[in-house]
Student: 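Structure in structure tokens, see below.
Order of the sequence lines sets the chain letters (A, B, ...), proteins ahead of strands, with each chain counted from 1.
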Amino acid sequence: MAVPAAVAKRAAGLRRKLEDANHRYYVLDDPAIPDAEYDALLRELEALEAEHQALASADSPTQRVGARPLQEFGEVRHALPMLSLGNAFSEQEVRDFVARIVAGTGDGDPVFSVEPKLDGLAISLRYERGQFVRGATRGDGASGEDVTANLRTIKAIPLRLRGEQLPAELEVRGEVYMPRAAFEKFNARAREHGEKPLANPRNGAAGSLRQLDPRITAKRPLAFFAYGLGAVEGWKLPPRHSQMLAGLREFGFPVAPEAGAANGADGLLEYYRAIGGRRDALPYDIDGVVYKLDRFDQQNAMGFVSRAPRWALAHKFPAQEQSTTVEAIDVQVGRTGAITPVARLAPVNVAGVVVTNATLHNADQIERLDVRVGDTVIVRRAGDVIPEVVRVVDDKRPARTVRFAMPATCPICGSRVAREEGEVVSRCTGGLFCPAQRAQALIHFASRRAMDIEGLGDRIVEDLVDLGLVRTVADLYRLDVADFVAMRRRADERDGTVPETVKAGKVASKWAENLVAAIDRSRNTTLERLLFALGIRDIGESSAKTLAKYFGALDPLVAADESALLEVPDVGPIVAGRIAGFFREPHNREVIAALRATGVHWPEGPPQRSAEGPLAGKTVVLTGALSELGRDEAGAQLAALGAKVAGSVSKKTSFVVAGEAAGSKLDKARQLGIEIWDEARLLEFLRSNLAP
DNA sequence: TGGCCTCGAGTTCA
DNA sequence: CTCGAGGCCA
């Protein structure tokens, strides 16, 4: 039965729309239509194809949903073998590599194409006259497994090439991977449904491709980046690798946006460091970067050694995941009483740093990981540097381990531990009765952003509290040199240590003199610092500043009731309650009176209820290292000009000041098209506006 | 009521 | 830096 022309036309139109949507989403990274609309179009096309058999075709977007399960994978011989790359872990190896290229090509400063090395699964895709006909895993390099049906389900892989002049034969090599966000989402769903989550994105990608049932693969969020070629027939290759990548993009393949060019060993190393610095901000896992000689004629001149090209190098990052064992699980008590479990680990080197502790965050996290003392665990340095336990290696769990339970009473003071309805954290209810909370409150009080008492670190504070020399923050101002010297002696006796300070009595008192002087200096402070230092719950630097400005002086703030506090910007019922509650407490009023009595003072003035200055109404975010000023100082100066200095970038941000090695905040600013200043511009602006 | 947008709190190691 | 939760706006 012939297909009516109008129906054929509609089907062709739908296919084009769906292909374009895929292309924009995966290749141009610029989604054009919402998912729901995509699904609607896809369903319409399916209906048409079901009704008119003659419309069906192998390269239709409807053919991605997953064919029948296979019995086993066929074997595919690669027309050109899939090579592996030489590895480098050190700077010297990279320099040697460049030196070999310079010697081999006679080019004193050859250009390299550089790209991130994705942590996924290498595959080869074969296109004949523009149609995707077969895809295979790398296997041993000479032949791999035929995973065509699974690859068809990956929307980032074109089923037919774009463009007018299509090569008779084209083999594209690249990496199938699972984007991190998709991995997280997939696992969250899996857990909800009580299914086994994937261990990591790499295993997720590899496991998904090796499913015999493509319908399972179709449900996995896989993506693809192209990075090279195999056999080619009927395409005139451009002279450079980078141009070839651009050509692949024209054909409809996604190429890693971080790909670029560099020259000289220093250029390569700079790229390595730049990508390394952004590693955790990238949407996918990478395990290094790849350098390839850009000119194909130079590649040919370099040739191969055994199975690896001499014109390319994989520069790997140091392993960032390691396994170690859990020696103990302790709990820490924070300033607000928050009880945080911490895993004490057998020391292990992760990405160049010896890790011995890793936070387990809270009861939920422990529950999810089920970490137990004696377990072997995989540790990773997440985010920037902070180690975290990724998972437990189940096979290595020793016999007779017990599930960790949050303590019912505070390990320091014995008070009840409570977890409030809907909250994630458990807290010690002891308040300032708890020595741990008292010590933390004092450490916070003395910290740089609060009263800035130099030299009064956590060790000293803990000793002061332990030995009962200090109960409230006001007590700090009553200490003299003799007190500190005595404290040090008693602490040493208690610990059985006899440090050098005792041998040289003079040194000991010098240390104490410095401390007393630092405490004395802190008497001269600002209302803003004092409010922050008091440690009222939910009052951080930002709220303290708002309150100080809004009230101008302490007494009106202390006297303010909840309804007056609600008038303050960014203060809602909860925070208003916390503030009023704090100042209602007689103990807190006494401490404030005592602070004043010992000479703690700050300038007071009239209430300032609207910002002024050249930057009034502007919101500024600082990121990266500012060499001239430092972040804090720059922030203070900007604030003095009326700007609001915020911690994270959003569309309300007026501009971002980016210093050296700026990270995700800079990326986000670029994404949102927010104005970006470098340090020079900031300094220039501050100078011309005469910041005080 | 829901969905941002912030801020606050906690955390590691050299 | 990241997560959780408070505040604010639609």
Side-chain angles (χ1 to χ4, degrees), chain A residues 180-181 184 188 277-281 320 330-345 347-365 368 379-389 419-428 436-437 440-441 443-444 447 449-450 457-458 531-547 565-579 619-625 631 635 644-654 661-668 672 674:
Chain A
R180 266 208 290 250
E184 298 294 347
R278 292 176 48 207
R279 185 176 183 183
D280 295 303
Q320 66 159 16
D330 291 351
V331 294
Q332 285 174 358
V333 183
R335 174 166 65 89
T336 62
I339 304 267
T340 312
V342 183
R344 307 289 175 201
L345 306 167
V348 60
N349 193 318
V350 185
V353 174
V354 177
V355 171
T356 54
N357 298 320
T359 174
L360 297 168
H361 299 295
N362 52 53
D364 280 2
Q365 173 89 348
R368 212 176 68 224
V379 181
R380 145 176 92 185
R381 285 175 70 198
D384 190 10
V385 285
I386 300 178
E388 72 175 5
V389 173
R419 182 170 170 180
E420 255 164 70
E421 191 81 20
E423 283 218 324
V424 185
V425 290
S426 306
R427 292 179 198 279
C428 158
Q437 288 187 54
Q440 291 300 320
I443 291 165
H444 171 76
S447 68
R449 290 157 182 280
D458 35 5
L531 288 176
F532 176 54
L534 289 174
I536 306 165
R537 254 244 263 165
D538 286 338
I539 301 301
E541 267 184 299
S542 174
S543 311
K545 171 178 272 180
T546 314
L547 289 168
L565 288 164
L566 279 171
E567 298 300 314
V568 182
D570 298 332
V571 174
I574 297 194
V575 170
R578 296 254 152 86
I579 298 168
T619 304
V620 184
V621 175
L622 301 169
T623 181
R631 290 250 286 265
K644 188 168 172 221
V645 181
S648 60
V649 178
S650 75
K651 62 180 183 228
K652 288 190 181 169
T653 308
S654 313
S664 60
K665 285 189 238 180
L666 180 56
D667 294 342
K668 177 127 188 231
L672 296 172
I674 287 164

Student: Search all heavy atoms of P387(A) against all heavy atoms of V379(A) and return the closest pair with its distance.
Tutor: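 Closest heavy-atom pair between P387(A) and V379(A): CB-CG1, 4.3 Å.
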Student: Is any side-chain heavy atom of R427(A) less than 4.5 Å from a side-chain heavy atom of T336(A)?
Tutor: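 Counting from C-beta outward, R427(A) and T336(A) do come under 4.5 Å.
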Student: Looking only at heavy atoms, which two atoms of A544(A) and L531(A) are closest? And how far apart?
Tutor: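 Nearest heavy atoms, A544(A) then L531(A): O-CD1, 3.8 Å.
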Student: Determine: side-chain N/O of N357(A) to OP1/OP2 of dC13(B), distance under 4.0 Å, yes or no.
Tutor: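 It does, given that an N or O in the side chain of N357(A) lies less than 4.0 Å from OP1 or OP2 of dC13(B).
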Student: Counting heavy atoms from C-beta on, name the nucleotide in dC13(B), dT11(B), dG10(B) closest to the side chain of R335(A).
Tutor: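 The listed nucleotide nearest to R335(A)'s side chain is dG10(B).
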Student: Could you check which of dT11(B), dG7(C), dA9(B) has an atom nearest any side-chain atom of T336(A)?
Tutor: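 It is dA9(B).
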Student: What's the closest nucleotide to the side chain of V575(A) if the choices are dG7(C), dT12(B), dG8(B)?
Tutor: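 Comparing dG7(C), dT12(B), dG8(B) against the side chain of V575(A), the answer is dG7(C).
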Student: Separation of L345(A) atom CG from dT12(B) atom P, in whole Å?
Tutor: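 Between P of dT12(B) and CG of L345(A): 10 Å.
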Student: dA9(B) P sits how many Å from I339(A) CD1, rounded?
Tutor: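 Answer to the nearest Å: 17 Å.
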Student: Could you please name the option among dG6(C), dT11(B), dC13(B) that lies closest to any side-chain atom of D538(A)?
Tutor: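 When the side chain of D538(A) is considered, dG6(C) is the closest of dG6(C), dT11(B), dC13(B).
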Student: Compare every heavy atom of A576(A) with every heavy atom of V571(A), then report the nearest pair and how far apart it is.
Tutor: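 Taking every non-hydrogen atom into account, CG1-N, 3.6 Å.
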Student: Which heavy atom in Q440(A) sits nearest to a heavy atom in R335(A), and how many Å separate them?
Tutor: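 In terms of heavy atoms, the two residues are closest at CB-CA, 3.4 Å.
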Student: Expressed in angstrom and rounded to an integer, what is the separation of R278(A) atom CZ from dC1(C) atom P?
Tutor: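 About 13 Å, once rounded to whole Å.
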Student: Within this structure, what is the CG-to-C1' distance between D458(A) and dT11(B), rounded to whole angstrom?
Tutor: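 Taking CG of D458(A) and C1' of dT11(B), I get 13 Å after rounding.
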Student: Could you tell me the separation between the CZ atom of F532(A) and the C1' atom of dG8(B), rounded to a whole number of Å?
Tutor: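 To the nearest whole Å, that distance equals 9 Å.
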Student: How would you label the contact of V342(A) with the nucleic acid (heavy atoms, under 4.0 Å): base, sugar-phosphate, or nothing?
Tutor: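 Sugar-phosphate: the residue V342(A), judged by heavy atoms under 4.0 Å, touches backbone atoms but no base.
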Student: What is the separation between atom CD on E567(A) and atom C1' on dG7(C), rounded to the nearest whole Å?
Tutor: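 Atom-to-atom, E567(A) to dG7(C), this comes out as 14 Å.
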Student: From dA9(B), dC7(B), dG7(C), pick the nucleotide closest to the side chain of S542(A)?
Tutor: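 The answer is dC7(B).
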Student: Picking from dC13(B), dG7(C), dG8(B), which would you name as closest to the side chain of I574(A)?
Tutor: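 Out of dC13(B), dG7(C), dG8(B), the nucleotide with an atom closest to I574(A)'s side chain is dG7(C).
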Student: Between P on dG7(C) and CG on L565(A), what's the gap in Å once rounded to a whole number?
Tutor: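 Those two atoms, CG and P, are 11 Å apart.
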Student: Choose from dA9(B), dT12(B), dG7(C) the nucleotide whose nearest atom is closest to any side-chain atom of R537(A).
Tutor: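 So the side chain of R537(A) is nearest to dA9(B).
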Student: CD of E388(A) versus C1' of dC13(B): gap in Å, rounded?
Tutor: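 From E388(A) CD to dC13(B) C1': 16 Å.
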Student: Counting just side-chain N and O atoms, does T356(A) come under 4.0 Å of either OP1 or OP2 of dT12(B)?
Tutor: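 So the side chain of T356(A) is outside the cut-off, no N or O lying under 4.0 Å from OP1 or OP2 of dT12(B).
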Student: Within the pair Q332(A) and dT11(B), is there a side-chain N or O less than 4.0 Å away from OP1 or OP2?
Tutor: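 It does, given that an N or O in the side chain of Q332(A) lies less than 4.0 Å from OP1 or OP2 of dT11(B).
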